[in-house]
Amino acid sequence: FWDPRRDGVVGAMSVLDNAVGDDSARDIIYAKGGWVAMMLRRKLGDAVFFPAMRAFIDAHRYQAATAFDLETALNEST
């Protein structure tokens, strides 16, 4: 479970934190992402969230995407 008071921020991490870091790095990377997605879905509603996520996936299929890319896709859909 990701706890924002205990765990760090994803923006301060690199891909190396996931590859060679300790287990807490994986918690931040994976659990926080799911938690944020859940909050966005609740805030935006299913009718907006799912088409926005589909557009994001379609636009970045087989590519590395950044948090800014996701933010841009959500902004364009909302």
Side-chain angles (χ1 to χ4, degrees):
F1 176 72
W2 177 77
D3 182 349
R5 294 164 298 191
R6 180 193 73 214
D7 300 320
V9 297
V10 173
M13 303 180 83
S14 77
V15 58
L16 292 176
D17 290 303
N18 187 40
V20 296
D22 60 23
D23 289 339
S24 66
R26 286 180 205 80
D27 290 344
I28 294 167
I29 291 168
Y30 294 107
K32 182 179 181 180
W35 188 73
V36 170
M38 179 191 69
M39 288 190 314
L40 285 168
R41 181 180 175 193
R42 286 184 179 173
K43 182 75 173 169
L44 299 174
D46 289 352
V48 172
F49 179 78
F50 287 110
M53 295 309 296
R54 175 58 51 204
F56 172 74
I57 291 168
D58 290 344
H60 299 284
R61 189 175 309 276
Y62 307 118
Q63 301 174 34
T66 66
F68 180 75
D69 295 328
L70 177 60
E71 182 181 351
T72 301
L74 289 169
N75 283 335
E76 289 172 357
S77 296
T78 58

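Distance check: T78 OG1 to L40 CG gives 9.5 Å after rounding to the nearest 0.5 Å. Between atom NZ of residue K43 and atom CE of residue M38 there is a gap of 13.5 Å, rounded to the nearest 0.5 Å.
More than 12 heavy atoms of other shown residues, nucleotides or ligands fall within 6.0 angstrom of atom CZ in R61.
Side-chain polar atoms of T72 and N75 form no donor-acceptor pair below 3.5 angstrom.
F68 and L44 are not part of a single hydrophobic cluster, where members link through side-chain heavy atoms under 4.5 Å apart.
Formation of a donor-acceptor pair under 3.5 Å by the D69 side chain with backbone atoms of T66 is found in this model.
Of all heavy-atom pairs spanning P51 and D46, the tightest one is CD-O, 3.7 Å.
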